[in-house]
Amino acid sequence: MSQPPVLWCDNIGATYLSANPVFHARTKHMEIDFHFVRDMVAKKLLSIKFISSKDQLADIFTKPLSSSRFGVLRSNLNVLPIPLCLKGRIRDLVQPTNNIVNLSLSTNA
């Protein structure tokens, strides 16, 4: 690859912590995967960039959204809705059979 892959993050604090090699007093409980990402950024094998929460495409897969927001994110992914078109009636598609079974439930008390 000519350039490192970009990891888009909507948390500006996490973006700054991944680029800054100095630990602060408030960062004593960090997950192991964060250390991995930080090492990859230090080796220039990964690039972290900030993206606003409203532009985060991953929300379509991870959060409940309103139908209008879903439509906007879906169009940003270049996914188009399939138009639903039924031709004819369902009765025309079902073939009648002579094997009609009448089921009735009776209770004997």
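Since the model is a prediction, treat every value here as computed from it, not as a measurement.
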*Minimal non-hydrogen separation, S75 against V72, with atom names*: OG-O, 2.8 Å
*Is it possible for you to say whether L7 and F36 belong to one hydrophobic cluster, with membership spreading through side-chain heavy-atom contacts below 4.5 Å?*
yes
*Other cluster members, I60 - Ile/Leu/Val/Met/Phe/Trp/Tyr, side-chain contacts below 4.5 Å*: L57, F61, L65, F70, L73, L77, V79
Name every donor-acceptor pair, under 3.5 Å, that has one atom in a side chain of residues 44-51 and the other anywhere in the protein, sequence neighbours excluded.
none

_Partner residues of S66 under the side-chain hydrogen bond (donor to acceptor under 3.5 Å, both in side chains) criterion, sequence neighbours left out_ = S68
